[in-house]
Amino acid sequence: MEIIYGPQRGPVASTDLPDHYPWPERAGQAYVRAMMVATLDGAAAGGDGLSGSITGDADGEVFTAVRRFADAVLVGGGTLKAEEYGPLHSTDDDAKRRVAAGQADAPVIVVVSGSLTLPLGDDGFTGSTLTPLVFTTADPDPERLAQVRERCEVVQAEGDTVEVSWVIDRLVERGLWRIVCEGGPTLLRDAAASGRLDEADLTFSPMLVGTEKTPPTDMLADPRGFELVHVIAADDFLMSRYVRRDNA
Ligand SMILES: NC(=O)c1ccc[n+]([C@@H]2O[C@H](COP(=O)([O-])OP(=O)(O)OC[C@H]3O[C@@H](n4cnc5c(N)ncnc54)[C@H](OP(=O)(O)O)[C@@H]3O)[C@@H](O)[C@H]2O)c1
């Protein structure tokens, strides 16, 4: 793996990757990273309808590195269901480093879902070190709400929508300001529309797969601009780090 563009060019070991995705100190504010992989033709999922078929080992290492010192991993209900999220744990060394920095010993998984049709029956995301947080609307299906509450902490909005900006503010109130938003496209579109994205970590996958399995999203009224910080190349994948212009 090699940094081919950026302030520190040259080979990079996977153990050093988190240093290239730092979490800048923020006084009581969120730092929100969007993490996505896209094919050369812009698809967010392969023929199986999942991102797993368009990712690779190098991209997986970057994905893991970005998560390692995050406070919260934010996903939409669609992604959680499609991708079968496993539990979030830290290694002993990472847990020590996190605790020394005043963080919990592992990231918490945060799900945004209106329907609350979440995969609760196995130990997937609910087997994480920390109890998952689920953000939903004021009036979800009562039976599902009760089921989700058995394994997760539920935070309800006041109305029938869940604004991403409101979710971010609630996370910051809990001291969870290092937020990595892992998608999918619908949640990322709302996160971008909210104006709260600080960074976009986008992997270009060396594939052309067609976009039939990629959910379409509404256009943004105000497209967001980002500045390129670095590009890592490995196995024909390009892992780019873009930071919002006024943060770079
Ligand atoms: N390429 C990548 O990096 C990547 C990353 C993640 C996912 N994916 C792929 O993307 C596809 C899923 O896409 P998607 O757009 O459906 O994913 P998504 O954004 O994770 O899921 C959409 C669902 O999340 C909930 N949701 C999202 N934003 C919400 C909001 N503001 N308020 C209330 N609920 C909200 C809703 O769940 P309810 O239906 O429960 O109400 C909505 O139906 C899958 O094929 C997955 O494999 C690709």
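Atoms within a ligand are numbered from 1 in the order they appear, just like the ligands themselves. When a residue number appears, it is its place in the shown sequence, counting from 1.
- With contacts defined as side-chain heavy-atom distances shorter than 4.5 Å, the pair V32/I168 qualifies.
- Atom 10 (O) of ligand 1 has its closest protein heavy atom at P185 CD, 3.3 Å.
- Distances below 4.0 Å separate heavy atoms of E182 from the following atoms of ligand 1: 5 (C), 6 (C).
- Of all protein heavy atoms, the one lying nearest to atom 3 (O) of ligand 1 is V37 N, 2.9 Å.
- Below 4.0 Å from some heavy atom of L50 lie the following atoms of ligand 1, by number and element: 47 (O).
- Using a 4.0 Å cut-off between a side-chain N of Lys or Arg and a carboxylate O of Asp or Glu, D123 and R151 qualify as a salt bridge.
- Scanning the protein heavy atoms around atom 45 (O) of ligand 1, the nearest turns out to be G49 O, 2.6 Å.
- In A45, the part holding a heavy atom less than 4.0 Å from any atom of ligand 1 is the side chain.
- Residue-to-ligand polar distances place S113 within reach of ligand 1: an N/O pair is separated by less than 3.5 Å.
- Among C181, P215, P216, the residue whose heavy atom lies closest to atom 12 (C) of ligand 1 is P215.
- With a 4.5 Å cut-off on side-chain heavy atoms, T136 and V154 count as touching.
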Between side-chain atoms of residues 169-177 and protein atoms elsewhere (two or more places apart, or another chain), which donor-acceptor pairs fall under 3.5 Å?
{"unit_1": "D169", "atom_1": "OD1", "unit_2": "R196", "atom_2": "NH1", "d": "3.2"}
{"unit_1": "D169", "atom_1": "OD1", "unit_2": "R196", "atom_2": "NH2", "d": "3.0"}
{"unit_1": "R170", "atom_1": "NE", "unit_2": "E173", "atom_2": "OE1", "d": "3.1"}
{"unit_1": "R170", "atom_1": "NE", "unit_2": "E173", "atom_2": "OE2", "d": "3.4"}
{"unit_1": "R170", "atom_1": "NH2", "unit_2": "E173", "atom_2": "OE2", "d": "2.7"}
{"unit_1": "R174", "atom_1": "NH1", "unit_2": "E153", "atom_2": "OE1", "d": "3.4"}
{"unit_1": "R174", "atom_1": "NH1", "unit_2": "E153", "atom_2": "OE2", "d": "3.3"}
{"unit_1": "R174", "atom_1": "NH2", "unit_2": "E153", "atom_2": "OE2", "d": "2.8"}

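- Not a single protein heavy atom sits closer than 4.0 Å to atom 43 (O) of ligand 1.
- Of the polar atoms of L187, at least one N or O is found under 3.5 Å from an N or O of ligand 1, judged by distance alone.
- Within ligand 1, the atoms closer than 4.0 Å to a non-hydrogen atom of S51 are 1 (N), 2 (C), 4 (C), 47 (O), 48 (C), numbered from 1 in the order shown.
- Counted within 6.0 Å of CG on D19, heavy atoms from surrounding residues, nucleotides or ligands total more than 12; the atom is thus considered enclosed.
- Nearest to atom 39 (O) of ligand 1 among the protein's heavy atoms is S115 OG, 3.6 Å.
- The shortest N/O to N/O separation between D190 and ligand 1 falls below 3.5 Å.
- Contacts with ligand 1 closer than 4.0 Å are made by heavy atoms of both the backbone and the side chain of V112.
- Distance from atom 20 (O) of ligand 1 to its nearest protein heavy atom, with residue and atom name: T79 OG1, 2.7 Å.
- Considering backbone and side-chain atoms together, G77 places an N or O closer than 3.5 Å to an N or O of ligand 1.
- Residue G183 approaches ligand 1 through these ligand atoms, each under 4.0 Å from one of its heavy atoms: 20 (O).
- For the salt bridge (charged side-chain N to carboxylate O under 4.0 Å, His left out) with E199, the lone residue among R241, R224, R245 that qualifies is R241.
- Classification of R33 and D201 as a salt-bridged pair holds, one side-chain N sitting under 4.0 Å from a carboxylate O.
- When only interatomic distances are considered, the shortest N/O to N/O separation between V162 and ligand 1 falls below 3.5 Å.
- Here's the thing with G76: one of its N/O atoms is less than 3.5 angstrom from an N/O atom of ligand 1.
- Aromatic rings of H230 and Y242 (six-membered ring for Trp) have centroids beyond the 6.0 Å cut-off, not under it.
- Residue, atom and distance of the protein heavy atom nearest to atom 21 (O) of ligand 1 are G78 N, 3.0 Å.
- Between E2 and R9 there is no salt bridge, since none of the side-chain N atoms of the basic residue sits less than 4.0 Å from a carboxylate O of the acidic one.
- With contacts defined as side-chain heavy-atom distances shorter than 4.5 Å, the pair T129/S90 does not qualify.
- In this structure, the protein non-hydrogen atom closest to atom 15 (O) of ligand 1 is T186 OG1, 2.5 Å.
- Counting protein heavy atoms only, atom 18 (P) of ligand 1 is closest to G184 N, 3.4 Å.
- Y21 has its side chain out of reach of F69: every pair of non-hydrogen atoms, C-beta onward, lies at least 4.5 Å apart.
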Using distance only, find each side-chain donor-acceptor pair of residues 207-216 under 3.5 Å and give its atom names and separation, not counting sequence neighbours.
{"unit_1": "T214", "atom_1": "OG1", "unit_2": "A44", "atom_2": "N", "d": "2.8"}

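- Polar contact check, A82 against ligand 1: no nitrogen or oxygen pair lies under 3.5 Å apart.
- With contacts defined as side-chain heavy-atom distances shorter than 4.5 Å, the pair Y31/R178 does not qualify.
- The protein reaches atom 23 (C) of ligand 1 closely, with a heavy atom under 4.0 angstrom from it.
- Applying the 6.0 Å contact sphere to CG of D41 captures more than 12 heavy atoms from other residues, nucleotides or ligands.
- Using a 4.0 Å cut-off between heavy atoms, K81 contacts ligand 1 through its side chain alone, with no backbone atom that close.
- Put simply, the residue from V231, T203, D59, I232 that forms a side-chain contact (heavy atoms from CB on, under 4.5 Å) with L238 is V231.
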